[in-house]
Novice: 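Sharing a structure here in structure tokens format.
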Amino acid sequence: MTTGTGVIGFGFMGRTHAAAFESARRAGYDCELRGIADAHDPSLAPDSATMPSRGISPANSGSPPAINPTASNGNLIPAASGSDFESVRRYADAAALLADPTIDIVSICTPTDTHVDLAIKALAAGKHVIVEKPVALDLASIERLADAAEQSGKVCLPAMCMRWWPGWSWLRDHIFSRTFGSVKAARFERLGPVPGWSSFYRNASRSGSALFDLHVHDADFVRWCFGEPAAVTSVGERTHLSTFYHYGNGPAHVVAEGGWLAEAGVPFTMRYRVEFERAVVEFDLAADPTIRVAQGGSLSPVEFPPETAYELQVRHALDLVLGRKRPLATVRDALKTTTLLHAELKSLGSRSRVTL
């Protein structure tokens, strides 16, 4: 039976999720995008309506394009730009979309402070859910969603996209397999201009600033690779920080830098360098190839399939709905990562090491 999909919030990430669903369909998944809800789209009537034939796509919508990890130059380029979604039904509010019995799974791509309530309503309506990161800024809200998800028996997947990102999931696999021995040191870097497509990001009380919106990716990835740190030391401020993760039984040096830079023209940077006992692995989004392994005096590139993390993430969610896989991330994972971010925030405020 065809899995009906829907997207709530049709901005940057909403269009990326819609394109990822369409990509899954083209790849052979029996799914169909059946609804898009966006309360701020002036073209929508109060009730559901067919989307006007105006060629809306991630490429020409006026919203920023998605990051394509296969781009050799590391620029932001449109994801699945061949999709125009012209035939997809449109809704002026989420409630109307959630009432559609033909929709089985929804992506929630609205501002952070609306995620939890919308996700709980979707679960109560019998829908499976993908909820964008950060799930919420406060721990109590995420706990509430985790409880609701577990009680519903439905899929509720937090969009921790680095767990699917080509070159990052590969790194985690090699850490666990000890292909190159144990990790001695790891450094992650994620820097770019403040997102310019919405004033939401400049409101730290809603977005959590770069700490919660950008650095969250590396904090989650550090946890996923190395487990819970014993303590953290963070320096800087919410908009630009570096965190040292202290492990009693793990790598001696793990650090992640993340932040929004003042100049809009600065290109987005996403890198890691991981030193193993018998190799050094480097990833640079702007390099070609993006990942290289230094071992035995030689430097070797690593090639990956063309799918983006967003496409792989959506396909994982569809597999979960069909019972084909176990979840790569849960709301409880999001709760633990947010707990870690709160420790980092406390360290920033106290200018001291914080024990978890």
Side-chain angles (χ1 to χ4, degrees), residues 13 16-17 19-21 23-24 27 29 66-70 79 105 107-109 112 115 119 128-136 142 145-146 149 155-177 179 183 186-190 211-229 243 245 250-251 254 256 258 268 270-272 274 281 283 285 290-291 302 304-322 324-341:
M13 288 312 304
T16 301
H17 280 241
F21 280 127
S23 171
Y29 281 78
I67 300 169
N68 185 334
T70 64
I105 180 170
S107 284
I108 295 175
C109 304
T112 301
H115 286 172
H128 302 282
V129 175
I130 304 171
V131 58
E132 258 303 326
K133 51 66 31 195
V135 172
I142 304 175
L145 177 56
V155 171
C156 189
L157 183 70
M160 303 297 202
C161 66
M162 300 316 298
R163 297 189 180 211
W164 290 270
W165 203 285
W168 293 66
S169 55
W170 176 94
L171 173 65
R172 201 256 190 181
D173 289 343
H174 281 70
I175 289 172
F176 272 67
S177 69
T179 308
V183 174
R187 180 177 183 84
F188 303 89
E189 181 182 333
R190 190 177 305 267
L211 171 65
F212 283 86
D213 189 75
L214 187 68
H215 175 70
V216 60
H217 289 300
D218 295 309
D220 182 69
F221 192 76
V222 166
R223 279 194 56 254
W224 195 42
C225 290
F226 306 118
E228 308 297 337
T243 295
Y245 300 92
V254 180
F268 179 74
M270 186 168 83
R271 303 186 182 117
Y272 67 64
V274 178
V281 180
F283 176 100
L285 184 66
T290 57
I291 187 167
V302 180
F304 298 100
E307 289 82 10
T308 69
Y310 307 111
E311 291 169 322
L312 295 173
Q313 177 180 260
V314 156
R315 294 177 196 186
H316 182 76
L318 293 169
D319 285 332
L320 293 177
V321 170
L322 297 172
R324 295 173 178 169
K325 291 185 178 179
R326 296 177 61 84
L328 206 57
T330 67
V331 181
R332 296 288 175 190
D333 287 320
L335 180 62
K336 290 178 181 178
T337 295
T338 307
T339 299
L340 179 57
L341 293 180

Novice: I'd like to check Leu145 versus Cys156 (side-chain heavy atoms, cut-off strictly below 4.5 Å). Are they in contact?
Specialist: yes
Novice: side-chain hydrogen bond (donor to acceptor under 3.5 Å, both in side chains), that's the test. Do Tyr272 and Asp218 meet it? Break it down for me.
Specialist: CA-CA 10 Å; Tyr272 67 64; Asp218 295 309; over 6 Å; no
Novice: Between Asp319 and Tyr29, is the side-chain contact (heavy atoms from CB on, under 4.5 Å) condition met? List the steps.
Specialist: CA-CA 9 Å; Asp319 285 332; Tyr29 281 78; 3.1 Å; yes
Novice: Can you check whether Val331 reaches Leu335 side chain to side chain, under 4.5 Å on heavy atoms?
Specialist: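 Side chain of Val331 against side chain of Leu335, heavy atoms only: no contact under 4.5 Å found.
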Novice: Quick check for you: to the nearest 0.5 Å, what is the distance between Met162 atom CE and His217 atom NE2?
Specialist: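 If I round to the nearest 0.5 Å, the distance is 7.0 Å.
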Novice: Is the side chain of His128 donor-acceptor paired with the backbone N or O of Ile105 at a distance under 3.5 Å, no angle test?
Specialist: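 No: the side chain of His128 does not pair with the backbone of Ile105.
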Novice: State, to 0.1 Å, how close Ala24 and Leu318 come at their nearest heavy-atom pair, and which atoms those are.
Specialist: CB-CD1, 3.8 Å
Novice: Is it the case that the side chain of Asp173 and the backbone of Trp170 share a donor-acceptor pair, with hydrogens and angles ignored and the cut-off at 3.5 Å?
Specialist: no
Novice: Verify side-chain contact (heavy atoms from CB on, under 4.5 Å) between His174 and Val281, making sure each step is shown before the conclusion.
Specialist: CA-CA 10 Å; His174 281 70; Val281 180; over 6 Å; no
Novice: Supply the atom-to-atom distance Arg271 CZ to Leu285 CG, rounded to the nearest 0.5 angstrom.
Specialist: 10.0 Å
Novice: Does the Arg163 side chain pair with the main chain of Leu328, one donor and one acceptor, at a distance under 3.5 Å?
Specialist: yes
Novice: Specify the closest pair of heavy atoms between Ser169 and Trp224, including all atoms of both residues, with the distance to one decimal.
Specialist: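 Heavy-atom minimum between the residues: CA-CZ3, 4.3 Å.
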Novice: Which atom names give the shortest non-hydrogen contact between Glu311 and Pro306, and what distance separates them?
Specialist: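 Scanning both residues, the minimum pair turns out to be OE1-O, 4.4 Å.
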Novice: Report yes if the side chains of Thr112 and Phe212 come closer than 4.5 Å at any heavy-atom pair, otherwise no.
Specialist: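 Not in contact.
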Novice: Where do Asp213 and Pro134 come nearest, in terms of heavy atoms and distance?
Specialist: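 That would be OD1-CD, 4.2 Å.
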Novice: Can you list the steps and then say if Leu312 with Trp165 is a side-chain contact (heavy atoms from CB on, under 4.5 Å)?
Specialist: CA-CA 8 Å; Leu312 295 173; Trp165 203 285; over 6 Å; no
Novice: Do Leu341 and His215 come within less than 4.5 Å of each other through their side chains, counting heavy atoms only?
Specialist: yes
Novice: Quick one: pull up OG1 in Thr339 and CD1 in Ile142 and give me the separation to the nearest 0.5 Å.
Specialist: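 The OG1 atom of Thr339 sits 7.5 Å away from the CD1 atom of Ile142.
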Novice: Could you tell me the separation between the CD atom of Gln313 and the CD atom of Glu132, rounded to the nearest 0.5 Å?
Specialist: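 One finds 6.5 Å between CD of Gln313 and CD of Glu132.
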Novice: Which class fits the ring pair Trp168 and Phe283: parallel under 30°, tilted 30 to 60°, perpendicular over 60°?
Specialist: perpendicular
Novice: Could you tell me whether a side-chain N or O of Ser23 sits under 3.5 Å from a main-chain N or O of Ala19, the two making a donor and an acceptor?
Specialist: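 Pair absent, no side-chain N/O of Ser23 close to backbone of Ala19.
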Novice: Is there a side-chain contact between Ile130 and Ile108 (heavy atoms, below 4.5 Å)?
Specialist: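 No, their side chains stay 4.5 Å or more apart.
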Novice: Looking at every heavy atom in both Ser107 and Phe21, which two are closest together, and how far apart are they?
Specialist: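 In this case the closest contact between Ser107 and Phe21 is OG-CE1, 3.4 Å.
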Novice: May I ask you to check whether Phe226 and Tyr245 place their ring centers less than 6.0 Å from one another?
Specialist: no
Novice: Are any non-hydrogen side-chain atoms of Trp164 and Thr308 less than 4.5 angstrom apart?
Specialist: no
Novice: Please confirm whether the backbone N or O of Lys133 pairs with a side-chain atom of His115, one donor and one acceptor, at under 3.5 Å?
Specialist: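 No, because the side chain of His115 does not come within donor-acceptor range (under 3.5 Å) of the backbone of Lys133.
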Novice: Could you check whether Arg190 makes a cation-pi contact with Phe188, meaning its NZ or CZ is under 6.0 Å from the centre of the six-membered ring and within 45° of the ring axis?
Specialist: no
Novice: Quick one: do Arg223 and Asp220 make a salt bridge, cutoff under 4.0 Å?
Specialist: yes
Novice: Testing the basics here: between Phe176 and Cys225, what is the closest heavy-atom pair and its distance to 0.1 Å?
Specialist: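 For Phe176 and Cys225, the tightest heavy-atom pair comes out as CE1-O, 3.4 Å.
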Novice: Assess whether side-chain contact (heavy atoms from CB on, under 4.5 Å) is satisfied between Leu157 and Val131, documenting all intermediate values.
Specialist: CA-CA 6 Å; Leu157 183 70; Val131 58; over 6 Å; no
Novice: Is any side-chain heavy atom of Pro327 less than 4.5 Å from a side-chain heavy atom of Val155?
Specialist: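 Counting from C-beta outward, Pro327 and Val155 never come under 4.5 Å.
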